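Note sheet for the following structure.
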Amino acid sequence: MGPAWRVVGLPQQSLPLTRYAVDTVGGRPALRVQVAASYGNLVQDLPAVPAPRTLSWSWRVQQANPSTDLRSKAGDDTAVKVCMSFELNIDQVPFLERQVLRMARASTGQDLPAATLCWVWGSAEARGALLPDPFSRRVRYIVLRQSQDPLSTWFDETRDVAADFRRAFGDESPDVPPVTAVIVSGDGDNTGATSLAHVADLRWQP
């Protein structure tokens, strides 16, 4: 972690922020993602750089959120997810969603991304499922791990960024837009739950 990373919450958020800290797990340096009925994203903003060929990382869940259900607003929490935001032209967004996005940008004063793709640790959702965020279709999930995966066990992931983007947003943009942020997150604001996860060796190629 360095000065390029910042924790971002919701506008006028009263909930506690998810806690991010440097940790060591079995001698391995890692990012600790600690959720306690909290919300907040760890974000590294980027100057609209070309999308990488692959994004790779390792992650583990030590304490899962038993109430996670990514198909509903009430259960839209996860112990950990890794995301990328893309500079999708707003004119490519469907009309109604475009208007909602414009209003959200105006009300928050933030240049909210038009497309964010998250690889998530889910619960009962099918492995590999593609799901829209229940609160906004501008965010879409690909479920990589499930609650039945062993706890406190490292799993290695490597994703083809272009293939996953086209699967999630290809109906809006056949070309992969530049990347504007990389995000690591965990939250429990909707379920009121606690969870604990770690992420290590986050990197992209080329």
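This structure is a prediction, so every number in the text was calculated from the model and none was measured. Note that these values count all heavy atoms, side chains included, but never hydrogens, waters or copies made by symmetry.
- A salt bridge between Asp133 and Lys81 is absent, with no side-chain N of the basic residue lying under 4.0 Å from a carboxylate O of the acidic one.
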Legend entry - Test log, rule side-chain contact (heavy atoms from CB on, under 4.5 Å), inputs Arg166 and Val176: CA-CA 7 Å; Arg166 290 190 179 104; Val176 182; 4.0 Å; yes
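- Taking 4.5 Å as the limit, some side-chain heavy atom of Tyr20 sits within range of a side-chain heavy atom of Ser185.
- No single ILVMFWY cluster, assembled from side-chain heavy atoms under 4.5 Å apart, contains both Leu70 and Trp59.
- Applying the 6.0 Å contact sphere to CZ of Phe95 captures no more than 12 heavy atoms from other residues, nucleotides or ligands.
- Not one N or O on the side chain of Arg53 forms a donor-acceptor pair closer than 3.5 Å with the backbone of Pro206.
- Taking hydrophobic clusters as Ile, Leu, Val, Met, Phe, Trp and Tyr residues chained together by side-chain heavy-atom distances below 4.5 Å, Ile183 does not share a cluster with Leu101.
- Between Trp57 and Val184 there is no side-chain heavy-atom pair separated by less than 4.5 Å.
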Inset, instruction - Output, in order, the C-alpha distance, side-chain angles, deciding distance and verdict of side-chain contact (heavy atoms from CB on, under 4.5 Å) for Leu202 and Leu55. - result: CA-CA 7 Å; Leu202 180 66; Leu55 183 69; 4.1 Å; yes
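- Here the side chains of Thr54 and Pro52 are not in contact, with every heavy-atom distance at 4.5 Å or above.
- Side-chain contact, Thr18 with Ser38: a donor N or O sits under 3.5 Å from an acceptor N or O.
- Under a 4.5 Å side-chain heavy-atom cut-off, the cluster of Ile, Leu, Val, Met, Phe, Trp and Tyr residues that includes Tyr39 is completed by Leu10.
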Legend entry - Phe155 vs Trp121, ring pair (Phe, Tyr, Trp, His ring centres under 6.0 Å): CA-CA, chis, key distance, verdict: CA-CA 11 Å; Phe155 292 92; Trp121 197 299; 5.7 Å; yes
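- In this structure a side-chain-to-backbone donor-acceptor pair under 3.5 Å is missing from Arg140 to Leu117.
- A salt bridge links Arg138 with Glu172; the closest basic N to acidic carboxylate O contact falls under 4.0 Å.
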Inset, instruction - Start with the C-alpha gap between Arg167 and Ile142, add the side-chain angles, then the distance that decides, and say whether side-chain contact (heavy atoms from CB on, under 4.5 Å) holds. - result: CA-CA 10 Å; Arg167 182 184 172 205; Ile142 295 179; 4.0 Å; yes
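- The side-chain heavy atoms of Leu144 and Arg159, taken from C-beta on, include a pair separated by under 4.5 Å.
- Side-chain atoms of Asp187 come within 3.5 Å of backbone N or O of Thr78 as a donor-acceptor pair.
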Inset, instruction - With side-chain contact (heavy atoms from CB on, under 4.5 Å) as the test, would you mind laying out the steps for Phe86 and Val161 before giving the verdict? - result: CA-CA 11 Å; Phe86 298 84; Val161 174; 4.1 Å; yes
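- With hydrophobic clusters built from ILVMFWY side chains whose heavy atoms lie under 4.5 angstrom apart, Met103 does not share a cluster with Phe135.
- In this structure, the side chain of Thr68 does not engage the main chain of Pro66 through any donor-acceptor pair within 3.5 Å.
- When the shell of 6.0 Å around CD of Glu87 is examined, it contains 12 or fewer heavy atoms from other residues, nucleotides or ligands.
- A 4.5 Å side-chain heavy-atom check between Thr180 and Leu46 finds every atom pair outside the cut-off.
- Tracing side-chain contacts under 4.5 Å through hydrophobic residues (I, L, V, M, F, W, Y), one reaches Val22 starting from Val33; they form part of the same cluster.
- Proximity of a side-chain donor or acceptor of Asn89 to a complementary backbone N or O of Asp91 within less than 3.5 Å is detected.
- Put simply, the side chain of Gln146 never gets that close to the backbone of Gln148: no donor and acceptor are under 3.5 Å apart.
- Remark: the backbone N or O of Val143 is not paired with any side-chain donor or acceptor of Glu125 at under 3.5 angstrom.
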Contacts table for residues 193-201: side-chain donor-acceptor under 3.5 angstrom, sequence neighbours left out:
from	atom 1	to	atom 2	distance (Å)
Thr194	OG1	Gln63	NE2	2.9
His198	ND1	Arg60	NH1	3.3
His198	NE2	Asp23	OD2	3.0
Asp201	OD2	Arg28	NE	3.4
Asp201	OD2	Arg28	NH2	2.7

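- Listed by chain and residue number, nothing satisfies the salt bridge (charged side-chain N to carboxylate O under 4.0 Å, His left out) test with Asp77 (two or more places apart in sequence, or in another chain).
- Other residues, nucleotides and ligands place no more than 12 heavy atoms under 6.0 Å from the CZ atom of Arg19.
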